[in-house]
Amino acid sequence: MSSTTVVRAFRALLGASVVTALAACSLVGAEPKPEGSKDVVLVTHDSFVLPKRLIQTFDARTGYHLVVHAAGDGGTLTNKLVLTKDDPTGDVAFGVDNTFASRALDAGVFAPYDVTLPRGAGRYLLPGDDHRLAPVDNGNVCVNVDTTWFADHDVAPPRTLGDLTRPAYRGLLAVPGATTSSTGLAFLLATIGKYGDRWPSYWNDLMANDPTLTDGWSQAYESDFTQGGGHGRQPIVVSYDSSPAFTVPKGSTTSSTRALLDTCFRQVEYAGVLAGAQNVKGAEAFVDFLLSPAVQRALPASMYVFPVRSGTPLPSAWAKFAVQPTDPFTVSPDDITAHRDEWLQQWSDIVSR
């Protein structure tokens, strides 16, 4: 197994010591913070991480002190924000994505903030939003395959969503649940974008092929996927278009995994000031910070996502291995808003049979 798999990168970045540092870091030798400065509390998903030096820079330049509260997967994050909207647990949130965003907006989770967007970010704005959510990053949820496993077993890997229901791939897929994971919901929406009203029939066939369902991406990729570093048994997983850039063995020029670009759904992550925030100015400063050139440059290596700021340089390996689909499946935001709860109930009924 590769010594440079995604899980090892994530574990190195998301280990307890780093999370603790992010939650309590300050710049050694920096000038004292202005009198009256406050903590700014970020509520985010478990995969949020930025280089310590950037967090130190935010603290030093703004006079605020960033405190990070992780709240699970992106779907769990949204649910918690909605449940605590009348008594928010922070000042600013990052990680609500386009599959769940309308739920948070309808519930009044976010307050307006007319942030100045960098060039290129406007294309990722959520239709119908009135300056409450700022797009920060994007990527595509795609089925990934362990190419080495298929070569070793002399089996041709799948190429399409339809292939996943074939007997040759029985028991080989790990997929995050749609009700608990934004990644899982994005995959459900990919199947809806592909099959339309026939998507329940597809999922019946998929479940008959014995996939492994998990609560979130981390378990599916890090524990169950054969290239995730956790001695998993599934060589097919729902992950991201950028994932193959992080499964390149040391000294190799090829990746041990591949994203299937005919299976993808685009995901955009947003940041916003929480309604009822104790530190509104600090929250606004942090949204601005996430859109700054330095943070946008750090996103690919830190969180394995694409920046929204046009012209941001990408790591060299991404040009070859982090290939984005040209025509991902789409579902209109209006349809997601109107039918998400109905679709999730149907999905739950199917997978619980």
Side-chain angles (χ1 to χ4, degrees), residues 73-75 78 96-106 123-129 138-145 157-170 172-214 216-217 220 236-241 258-270 323-353:
D73 184 90
T78 305
V96 173
D97 80 333
N98 53 310
T99 66
F100 280 105
S102 63
R103 181 170 183 235
L105 293 177
D106 291 345
R123 77 185 74 169
Y124 301 106
L125 284 169
L126 194 71
D129 181 23
N138 75 99
N140 288 274
V141 171
C142 308
V143 175
N144 277 232
V145 296
R159 295 181 298 107
T160 66
L161 291 173
D163 286 347
L164 299 179
T165 66
R166 292 172 50 192
Y169 308 113
R170 182 177 180 83
L172 301 185
L173 169 68
V175 56
T179 56
T180 54
S181 165
S182 59
T183 309
L185 178 53
F187 179 65
L188 171 59
L189 292 172
T191 66
I192 292 172
K194 167 66 174 177
Y195 294 102
D197 292 341
R198 296 181 293 111
W199 74 264
S201 178
Y202 171 80
W203 271 90
N204 279 319
D205 292 341
L206 186 64
M207 292 306 298
N209 219 26
D210 196 26
T212 296
L213 286 178
T214 69
W217 174 88
I236 310 171
V237 67
V238 173
S239 192
Y240 291 87
D241 51 1
R258 177 164 55 89
L260 306 183
L261 300 184
D262 292 328
T263 66
C264 304
F265 183 89
R266 177 159 293 163
Q267 191 177 41
V268 180
E269 290 189 313
Y270 300 92
V323 181
Q324 293 195 295
T326 57
D327 190 24
F329 293 113
T330 59
V331 178
S332 76
D334 287 344
D335 281 345
I336 294 175
T337 300
H339 300 291
R340 180 178 52 242
D341 291 344
E342 170 193 344
W343 289 335
L344 288 175
Q345 184 59 59
Q346 287 180 273
W347 179 88
S348 296
D349 292 342
I350 292 169
V351 302
S352 62
R353 288 173 186 164

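If you read the sequence from its start, that first residue is 1, and numbering goes on from there. Model, not experiment: these values are computed from the prediction.
- Not one N or O on the side chain of Asn140 forms a donor-acceptor pair closer than 3.5 Å with the backbone of Cys142.
- Side-chain contact between Glu269 and Ser182: absent, with no pair of heavy atoms (C-beta onward) separated by less than 4.5 Å.
- Heavy-atom minimum distance, Val96 versus Ala101: CG1-CA, 3.6 Å.
- Considering only residues two or more places apart in sequence or on other chains, Thr165 meets the side-chain contact (heavy atoms from CB on, under 4.5 Å) condition with Tyr202, Asp205, Leu206.
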Item to check | Stepwise side chain to side chain donor-acceptor pair (under 3.5 Å) check, Gln345 with Asp349 | outcome: CA-CA 6 Å; Gln345 184 59 59; Asp349 292 342; 3.0 Å; yes
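- Crowding of Arg170 atom CZ: a count of heavy atoms from other residues, nucleotides or ligands under 6.0 Å exceeding 12.
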Next on the checklist: Evaluate Arg266 against Asn98 for side chain to side chain contact (heavy atoms under 4.5 Å, CB included), listing each step before the verdict.
Outcome noted: CA-CA 9 Å; Arg266 177 159 293 163; Asn98 53 310; 5.6 Å; no
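- Shortest non-hydrogen contact noted between Thr183 and Ser239 is CG2-O, 4.5 Å.
- Under the 4.5 Å side-chain criterion, counting only non-hydrogen atoms from C-beta, Val237 is not in contact with Trp217.
- Between Ser181 and Gly216, the shortest heavy-atom distance links the atoms CB-CA, 3.9 Å.
- Within the model, atoms OG of Ser352 and CH2 of Trp347 stand 9.0 Å from one another, a figure rounded to the nearest 0.5 Å.
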Name every donor-acceptor pair, under 3.5 Å, that has one atom in a side chain of residues 327-338 and the other anywhere in the protein, sequence neighbours excluded.
from, atom 1, to, atom 2, distance (Å)
Ser332, OG, Asp335, N, 3.1
Ser332, OG, Asp335, OD2, 3.3
Thr337, OG1, Ser102, OG, 3.0
Thr337, OG1, Pro333, O, 2.9

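- Side-chain contact between Leu260 and Arg159 is absent, with no heavy-atom pair separated by less than 4.5 Å.
- The closest side-chain heavy-atom distance from Val175 to Leu213 is below 4.5 Å.
- At distances below 3.5 Å, not a single donor-acceptor pair connects side-chain atoms of Asp163 with backbone N or O atoms of Tyr169.
- In this structure, CG on Asn209 lies 12.5 Å from CG on Asn204, to the nearest 0.5 angstrom.
- For the pair Ile236 and Leu164, the minimum side-chain heavy-atom distance is below 4.5 Å.
- In this structure, Asp106 places its CG atom where more than 12 heavy-atom neighbours from other residues, nucleotides or ligands lie under 6.0 Å away.
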N/O donor to acceptor pairs below 3.5 angstrom from side-chain atoms of residues 184-195, sequence neighbours left out:
from, atom 1, to, atom 2, distance (Å)
Thr191, OG1, Leu188, O, 2.5
Thr191, OG1, Trp203, NE1, 2.9
Tyr195, OH, Gly162, N, 3.4

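- Note that CG of Leu125 and CZ of Arg123 are 11.0 Å apart. Values are rounded to the nearest 0.5 Å.
- Residues Arg103 and Arg340 have side chains in contact (heavy-atom distance under 4.5 Å, counting atoms from C-beta outward).
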